[in-house]
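Data first, discussion second: the structure below is written as structure tokens.
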Amino acid sequence: MRLLLPTFLIGAVCASAQTNTADTYLASESPIAKTGLLANIGSSGAKSQGAKPGIVIASPSHSNPDYLFTWTRDSALVFQAIIDQFTLGIDTSLRSQVDNFVASQKIIQQVSNPSGSVSSGGLGEPKFNIDQTAFTGAWGRPQRDGPALRANALITWANFLISQSNTSYVANTLWPIIKLDLDYVASFWNQSTFDLWEEVNSSSFFTTAVQHRSLRQGAALATAIGQTSVASGYTTQAANLLCFLQSYWNAAGYMTANTGGGRSGKDANTVLASIHTFDPAAGCDAVTFQPCSDRALANLVTYVNAFRSIYTINSGIATNVGVATGRYPEDGYMGGNPWYLTTLAVAEQLYDALSVWKQQGTLSVTAVSQPFFAALSPGISIGAYPSSTSTYTTLTAAVKNFADSFIAVVAKYTPSGGGLAEQYSRSNGAPVSAVDLTWSYAALLTTLGAREGVVPVSWGAKGLTVPSTCERGGGGGGGTVAVTFKVQATTTFGENIYVTGSVDALVNWSPDNALILSAATYPIWSITINLPASTSIEYKYIRKFNGAITWESDPNRKFTTPAAGSFTLNDSWK
Ligand code: NOJ
Ligand code: NOJ
């Protein structure tokens, strides 16, 4: 039965055009996405012939591109979505899929591959053949987000089973699988990795963020099953990861996606990090880059705007309306097009934000997030707006419409039949690259859930604080001193200052992995790093701008660390 509204109310409650489009599209697309997703899971999925049980194929496309492989990242994200749907009671028919996934990952973890064996780095291998044998061709390896994402999905599953009093299955069957992945993260988080797009070998925000989540919730699970010393090791490295996570923020007000790669750093990497580390208990915390945090919103608008002028299909669209977005603006893969899953991620972040504002009953505009809100509500002032205020109502309605307008973009460029490929053409919106991308279908389903107010279970992000010094040595902490590097350097917009030098903690003279300094006190750039005590150290600052690296002039800078305590270097760019 429908309620008839008095005419004077209709204007106030009537949905916008984007909202109507999103409603209609999602109603017809979600069953297609669910069917498409399940078709890509072996062994009985309609499009997964040859895949073992629980193995997710990235896409049935077997040439141009050949995606008939199983990627650890794609599989883990797909199963995170399935596990969330099952454990939140949205679809209780998925139990055997989850059991198959567990069994398949237990096997695949043990398969020796070009990245190593299970105990020597093999868990960082990005993809396998769908019959669970190693893929031995050339590839961007290792990719260290995979084990973390798989641990996150399996920990969600383990926590659910513990709540159902099935602790013995968790301790005996799940924990050994999860622990292998967590131990991998704890040992290798500080080493360079290919990013989630398999192109840049450096440190990567998405990877650091999901690694941080994995060790944080891994420590809680270890504690729950009585593994307290394992838990404390994970907690130590989680603190280091949280520290490192902060260093990607740059002076221009967005997260630089990768420490290497020589690009603008504006990248869906960061939006995906926010939605895949969403913790509704953490409020709008910026330290963990929560979807409604000021940093994540400022970052989002910067990311979105990077695509407004580069794709033909975005021309003429007003700045308060959603557009097609891709991996990163410099992308050239398959012509460098928008992706369905990245455009959906923008909407998902905004729906997550709306859920938290609603739950908190308030929304804040800070100096950092003002550019985001001003794009939707010109002239908006900094302030906290409780839900009783008209500003709260106006802003949340604008955010909802903005989110729905990204769904409308995806709707417009979904072909008849509803199949979601990887990309859609920047010039005319037609599907491009791998057909029926499993990850695209998962993204559609998680975005729809977020829009309906579904929130994941908390993973422990609430109330975390960043340690005052950052340990990048991957362990220990004994015999180190906290050294603050300060350098006065004038830079142009988009340019950043980094440091590298002669010891591990200074990434051994690697310009690609050099450590980014904070511009919080510009023109003084600074970073605090734990360095070995009583050691003679050489270093230099470098600048990176649009891919170009500039070293300071010779000779190297040199100093000896004290035996204990802390130390500050006051330098000036040379
Ligand atoms: C295949 C990878 O999957 C894709 O992410 C990348 O852009 C291309 N290779 C080009 O490196
Ligand atoms: C290329 C994407 O860049 C990468 O993230 C993904 O894992 C593979 N395709 C498989 O879908």
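As the structure lists them, so they are numbered: ligands from 1, and atoms in each ligand from 1. All values below come from the heavy atoms of this structure, side chains included, with hydrogens, waters and symmetry mates left out.
- Listed by first and then second residue, the ring pair (Phe, Tyr, Trp, His ring centres under 6.0 Å) pairs that reach into residues 50-74 are Y67-W71, F69-F135, sequence neighbours excluded.
- Partners of K47 according to the salt bridge (charged side-chain N to carboxylate O under 4.0 Å, His left out) rule, which considers only residues two or more places apart in sequence or in another chain, are D436.
- Side-chain contact, W249 with N299: no donor N or O sits under 3.5 Å from an acceptor N or O.
- For E29, the salt bridge (charged side-chain N to carboxylate O under 4.0 Å, His left out) test picks out no residue, with sequence neighbours left out.
- For R327 and E199, the salt-bridge test passes: some basic side-chain N is under 4.0 Å from an acidic carboxylate O.
- Within the cation-pi definition used here (under 6.0 Å to the ring centroid, within 45° of the axis), K544 qualifies as a partner of Y498.
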In a simple table, one pair per line, please give the protein and ligand 2 atom names for every N or O pair closer than 3.5 Å, along with the distance.
{"from": "ligand 2", "atom 1": "3 (O)", "to": "R327", "atom 2": "NH1", "distance (Å)": "2.8"}
{"from": "ligand 2", "atom 1": "5 (O)", "to": "R73", "atom 2": "NE", "distance (Å)": "3.4"}
{"from": "ligand 2", "atom 1": "5 (O)", "to": "L196", "atom 2": "O", "distance (Å)": "2.7"}
{"from": "ligand 2", "atom 1": "7 (O)", "to": "R73", "atom 2": "NE", "distance (Å)": "3.3"}
{"from": "ligand 2", "atom 1": "7 (O)", "to": "R73", "atom 2": "NH2", "distance (Å)": "3.0"}
{"from": "ligand 2", "atom 1": "7 (O)", "to": "D74", "atom 2": "OD1", "distance (Å)": "2.6"}
{"from": "ligand 2", "atom 1": "9 (N)", "to": "Y67", "atom 2": "OH", "distance (Å)": "3.2"}
{"from": "ligand 2", "atom 1": "11 (O)", "to": "D74", "atom 2": "OD2", "distance (Å)": "2.6"}

